[in-house]
Amino acid sequence: MTDPDGDFLPIADHGLIGDLRTCALVGADATIDWFCAPRFDSPSVLGALLDPEQGGAWRLGPVGGATTTTQFYFPDSAILVTRFLTEEGVAEVHDFMPLIRAHDPDHRQRLTRRVVAVRGRVRIRMELTARPDYGRCHPTTEVVDQGVLIAGDGVRLGLTSTADLDTSDGSVSAEVTLGPGDQALFVLHVLGDGEDLRPDDGDATERLFDQTAAYWRGWLSQSTYTGRWREMVNRSALTLKLLTHEPSGAIVAAPTTSLPEERGGSRNWDYRYVWIRDAAFSLYALLRLGFTDEAAAFMEWLSQRMGEDREENPELGPLRVLYTIDGDIPHESELDHLRGYADSRPVRIGNGAVDQLQLDIYGELIDSVYLFNKYGPGLSHDAWADLTRLLEWVLANWEREDAGMWEIRDQPRAHTTSRLMCWVAIERMMRIARQRGLPGDLAGWAEVRDAVYHRIMEHCWDEEVGAFMQHEGADTVDAGVLLMPMVKFVAPNDPRFVSTLRVIEERLVSDTLVFRYDLGRSPDGVDGTEGTFSICSFWYVEALTRIGRLDDARLALEKMFSYANHLGLYGEQVGLTGDQLGNFPQAFTHLSLISAALNLDRALG
């Protein structure tokens with residue numbers, strides 16, 4: 001399956017592999033067209049996903065092409081198998097990034113590709129064209145005894161192989177004929193300064209394959225989920241884990257940048273960073289599945305952010321919306337030299353949302369801390385002091401207009417979801433204080449909490465429409481208010497929420513798929529259109545579940561499963577023809593799948 005232009009694979013025609021430091025996208029044709037090294041937020045080394053000519057790619061497949069290709073994950077793992085059926089025989093490519101043990105001090109970063117002839121004789125061609133720094137660097141290639149060294153713009157890579165390697169114009173290639181049971185190995189090593197290239201032979205790769213499979217199976221065995229949709233939930237859990245930066249505990253929103261929300265449009269953003277909102281929801285999903293170690297690691301990363309004092313723009317508050325893995329501010333810029341996926345420009349790195357005020361992040365953050373305090377080891381004195389400082393800022397600023405949870409680039413508004421999550425921030429802090437006997441001005445907090453509650457009920461509710469609106473004074477609705485019963489602001493059977501759900505179904509739901517808001521009537525400051533938001537579609541499943549419409553909820557969930565790609569992965573949005581849009585795969589979508597499935601499972605009994 002190809003793009004109408006013939007240059008781009010559909011976004012959905014990709015799988016994900018990784019080593020908890022970075023990851024790579026592998027196309028259904030076994031081409032690796034996206035790889036940033038050594039971290040998620042590093043410049044790309046392979047970036048043909050955004051420009052087939054300049055971006056760089058690692059192609060691997062049968063000479064003459066295949067009649068059929070299939071792709072699947074090795075069971076309960078992040079090892080990806082691409083199978084080629086040709087006129088001469090059948091071959092498989094096994095792609096993985098080795099992981100031996102958790103927090104391995106001796107971890108070596110490698111992209112390992114093992115090609116195995118299953119039946120017949122198949123001639124395989126490999127071509128690696130690395131283009132560091134988002135395609136701006138044409139590296140040097142040097143043949144050495146162990147393989148080929150590739151260097152440029154501060155990046156050092158080494159390619160080793162059991163086949164003879166040729167170099168030409170900055171690319172490395174090989175051809176090999178494999179008979180039944182034969183295999184060829186190609187390993188791309190990410191090298192540090194002065195680090196020697198150490199090749200892996202067949203036996204070593206076999207051990208690494210087995211160890212990596214055992215690592216993933218061992219990790220997944222910790223999941224407490226045993227319900228109806230185990231395969232989809234497990235794949236979502238593995239995807240969230242793949243988006244975790246193990247050394248720091250950070251969780252990135254997606255591994256890609258600038259995959260469009262509209263083909264050929266300008267709604268292209270960089271998601272390779274840690275969004276407070278997305279990561280807080282991820283923490284909730286991981287805790288629900290029993291993965292407390294990941295939750296504790298993220299809490300440690302989050303504690304560092306809460307303890308920082310940023311002076312460059314105090315108007316934005318004590319926390320920024322998003323950070324790099326190191327906690328820095330990724331300001332937005334554009335890469336004019338790249339064509340963009342399916343000619344969707346601009347290609348952006350960094351994200352302008354970092355300079356926005358989004359009040360809802362405090363509610364999502366403190367709600368996740370509340371859950372961690374409830375299910376984890378509890379909070380330290382310093383963490384409570386930092387949280388209290390954050391809350392004091394929320395108490396003084398909750399009435400401000402902001403960009404909202406959808407990061408609009410239009411004028412700030414008094415968003416209902418921002419008010420809602422400020423209420424959550426205060427209410428959860430009061431719960432933690434009572435549960436743990438921690439110090440706090442509970443009476444003062446309660447006074448502001450109640451003021452926020454009444455503000456929402458009086459100014460965000462439209463009696464004539466019969467719904468909570470997108471913002472104060474709006475004539476449009478927003479799928480974000482589906483969160484109201486989930487965060488316990490209203491009972492699911494509250495007439496106001498029942499009525500709001502009905503209005504959302506009339507205005508934003510298209511055959512169980514949900515738009516986040518009415519873009520035609522509520523401009524967000526960016527040109528173009530977008531698809532339905534998959535996280536909102538899963539929130540809709542949860543809302544139906546909580547309101548007691550279980551048959552409708554189950555149908556909506558099963559329909560959402562049908563929009564996953566062949567590997568169970570989701571991007572941010574679903575287009576009019578069912579195609580995946582936006583950065584891929586997206587943590588936000590997978591965590592909402594987990595939550596929807598768990599809650600519907602429990603309701604069905």
Side-chain angles (χ1 to χ4, degrees), residues 276-277 280 283-284 299 302-311 313-321 356-376 378-405 412-461 468 471-472 480-481 483-491 494 496:
I276 295 295
R277 176 187 307 106
L283 185 68
Y284 164 77
M299 280 301 303
L302 191 59
S303 294
Q304 295 173 9
R305 307 290 82 76
M306 291 192 297
E308 293 170 346
D309 288 316
R310 296 193 174 274
E311 302 295 336
N313 194 338
E315 281 296 303
L316 294 179
L319 285 179
R320 289 296 183 96
V321 175
Q356 291 183 342
L357 174 66
Q358 296 178 25
L359 292 167
D360 68 288
I361 64 171
Y362 295 95
E364 287 130 5
L365 182 153
I366 294 176
D367 193 33
S368 68
V369 172
Y370 161 74
L371 292 169
F372 180 74
N373 182 69
K374 183 176 179 180
Y375 296 110
L379 299 176
S380 68
H381 167 76
D382 289 341
W384 180 249
D386 289 336
L387 285 167
T388 302
R389 180 171 58 88
L390 295 184
L391 184 64
E392 291 298 328
W393 188 88
V394 172
L395 297 175
N397 289 272
W398 69 268
E399 294 183 275
R400 292 173 61 185
E401 297 182 341
D402 71 347
M405 70 186 311
R413 300 165 186 160
H415 289 93
T416 302
T417 51
S418 298
R419 301 280 192 263
L420 172 68
M421 298 313 294
C422 285
W423 178 89
V424 170
I426 305 168
E427 198 274 340
R428 297 304 188 268
M429 283 289 284
M430 294 177 66
R431 285 196 192 193
I432 297 171
R434 290 191 180 110
Q435 289 171 353
R436 295 281 309 279
L438 294 169
D441 180 12
L442 293 180
W445 295 354
E447 183 177 350
V448 180
R449 177 201 61 187
D450 294 347
V452 179
Y453 178 90
H454 291 303
R455 180 69 167 266
I456 294 171
M457 288 298 183
E458 294 169 10
H459 294 272
C460 299
W461 169 259
F468 290 103
H471 54 82
E472 293 181 8
V481 301
L483 290 168
M484 282 184 165
M486 298 181 213
V487 299
K488 304 187 185 307
F489 179 79
V490 296
D494 187 304
R496 288 194 175 194

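As the structure is a computational prediction, the values presented were derived from the model and not from experiment.
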Problem set entry | Atom pair CG (L438) and NE2 (H381), whose distance is rounded to the nearest 0.5 Å | 10.0 Å
Seminar exercise, completed: Exactly one candidate in H415, R419, H471 meets side-chain hydrogen bond (donor to acceptor under 3.5 Å, both in side chains) with D402; the answer is H415
Exercise. Within a strict 4.5 Å, meaning less than it, do heavy atoms of the M429 and T388 side chains meet?
Worked result: yes
Exercise. Going by heavy atoms in the side chains, are I276 and L302 under 4.5 Å from each other?
Worked result: yes
Problem set entry | OG1 on T417 to CE on M421, rounded to 0.5 Å | 9.0 Å
For this session: Starting at CZ of R449, measure out to CD1 of I426 and round the result to the nearest 0.5 Å.
Result: 8.5 Å
Problem set entry | 4.5 Å side-chain heavy-atom contact, I456 and M484 | yes
Seminar exercise, completed: Interatomic distance, NZ@K488 vs CG@L483, rounded to 0.5 Å, equals 12.5 Å
For this session: For E458, look at atom CD and say whether over 12 heavy atoms of other residues, nucleotides or ligands are found less than 6.0 Å away.
Result: yes
Exercise. Just how far is it from atom CG of L357 to atom CG of N397, taken to the nearest 0.5 Å?
Worked result: 7.5 Å
Exercise. Is I432 close to W384 at the side-chain level, that is, under 4.5 Å between some pair of heavy atoms?
Worked result: yes
For this session: Looking only at non-hydrogen atoms, find the nearest pair between E315 and W393 and report the distance.
Result: O-CZ2, 4.1 Å
For this session: Take R320 and Q356 through the test side-chain hydrogen bond (donor to acceptor under 3.5 Å, both in side chains) and record every step on the way to the result.
Result: CA-CA 8 Å; R320 289 296 183 96; Q356 291 183 342; over 6 Å; no
For this session: Identify the two heavy atoms, one from S303 and one from D386, that lie closest to each other, and give their separation to 0.1 Å.
Result: O-OD2, 4.1 Å
Exercise. Taking C-beta and beyond as the side chain, do Q358 and L319 meet within less than 4.5 Å on heavy atoms?
Worked result: no
Exercise. Would the Y362 and W398 ring centres measure less than 6.0 Å apart?
Worked result: no
Exercise. Between P412 and E401, which heavy-atom pair has the shortest distance, and what is it?
Worked result: O-OE1, 3.4 Å
Problem set entry | Trace of the side-chain contact (heavy atoms from CB on, under 4.5 Å) decision for R413 with E472 | CA-CA 8 Å; R413 300 165 186 160; E472 293 181 8; over 6 Å; no
Problem set entry | Student check: side-chain heavy atoms of L420 and V487 closer than 4.5 Å | yes
Exercise. Side chains of V452 and R455: does their closest heavy-atom pair fall under 4.5 Å?
Worked result: no
Exercise. Does any pair with a residue in residues 440-460 pass ring-ring contact (aromatic ring centres under 6.0 Å, His included), and if so which ones, sequence neighbours excluded?
Worked result: Y453-F489
Exercise. Which pairs with one or both residues in residues 424-448 pass salt bridge (charged side-chain N to carboxylate O under 4.0 Å, His left out), sequence neighbours excluded?
Worked result: D367-R428, E427-R431
Seminar exercise, completed: Heavy-atom closest pair (M306 atom, L387 atom, distance to 0.1 Å) is SD-CD2, 3.6 Å
For this session: Could you tell me whether the side chain of Y370 reaches within less than 4.5 Å of the side chain of Q435, counting heavy atoms only?
Result: yes
For this session: List the atom of S368, the atom of A280, and the distance in Å for their closest heavy-atom pair.
Result: CB-O, 3.6 Å
Exercise. Which atom names give the shortest non-hydrogen contact between L442 and A433, and what distance separates them?
Worked result: CD2-CB, 3.9 Å
